[in-house]
Amino acid sequence: MGPMKRPENATPSVRSAGFRPSQSLLRAITAWMALQEERPSLSQAITRLVELGLAHADQDRQKLRAREMAGDTIDRMGDATTTEDDRAIRKRDLLDGPKEFDRVRIDRAKRSKPIQ
């Protein structure tokens with residue numbers, strides 16, 4: 001009798017993965033756990049934090065892709081009679097938006113000095 005075959009619809013075996021967090025990282029995870037309503041275990045908290053990080057990374061990739069597509073469109077529509085430097089400045093201004101709006105954008109770090 002040969003080896004048993006797994007059914008095609010069987011879920012793959014789950015592999016465990018472990019790591020040793022630094023004391024500061026462990027304190028941060030524990031503090032996050034304390035803020036949660038249902039008080040997850042350490043492994044549940046780490047799993048949720050990894051999932052949140054991966055979801056955030058996916059959003060960053062989407063933002064980067066959208067910026068690349070906008071940049072490509074700006075390049076195609078740009079004024080070929082201007083210098084390369086002027087086109088780069090115009091492109092950056094279009095992609096970044098008006099400087100006056102920097103302080104209200106939630107996707108950027110806050111500036112330490114007010115815009116004048």
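This is a predicted model, so every value here is computed, not measured.
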Checklist outcome for this item: One should read off an interatomic distance between Ile74 CD1 and Arg87 CZ, to the nearest 0.5 angstrom, of 13.0 Å

Next on the checklist: Testing the basics here: between Gly71 and Leu95, what is the closest heavy-atom pair and its distance to 0.1 Å?
Outcome noted: N-CD2, 4.0 Å

Next on the checklist: I'd like to check the side chain to side chain contact (heavy atoms under 4.5 Å, CB included) partners of Ile29; sequence neighbours left out, ordered by chain and number.
Outcome noted: Leu25, Met33, Leu42, Ala45, Ile46, Leu49

Checklist entry - Out of curiosity, does Leu52 fall in the hydrophobic cluster containing Leu54 (side-chain heavy atoms, cut-off under 4.5 Å, transitive links)? => result yes

Checklist entry - Roughly how far apart are Glu51 CD and His56 NE2, rounded to 0.5 Å? => result 15.5 Å

Item to check | Salt bridge Asp72-Lys91, side-chain N to carboxylate O under 4.0 Å | outcome: no

Item to check | Leu94 CG to Arg90 CZ distance, which is reported to the nearest 0.5 Å | outcome: 9.5 Å

Next on the checklist: Going by side chain to side chain donor-acceptor pair (under 3.5 Å), name the pairs with one or both residues in residues 28-38, residues two or more places apart or in two chains.
Outcome noted: Glu38-Arg48

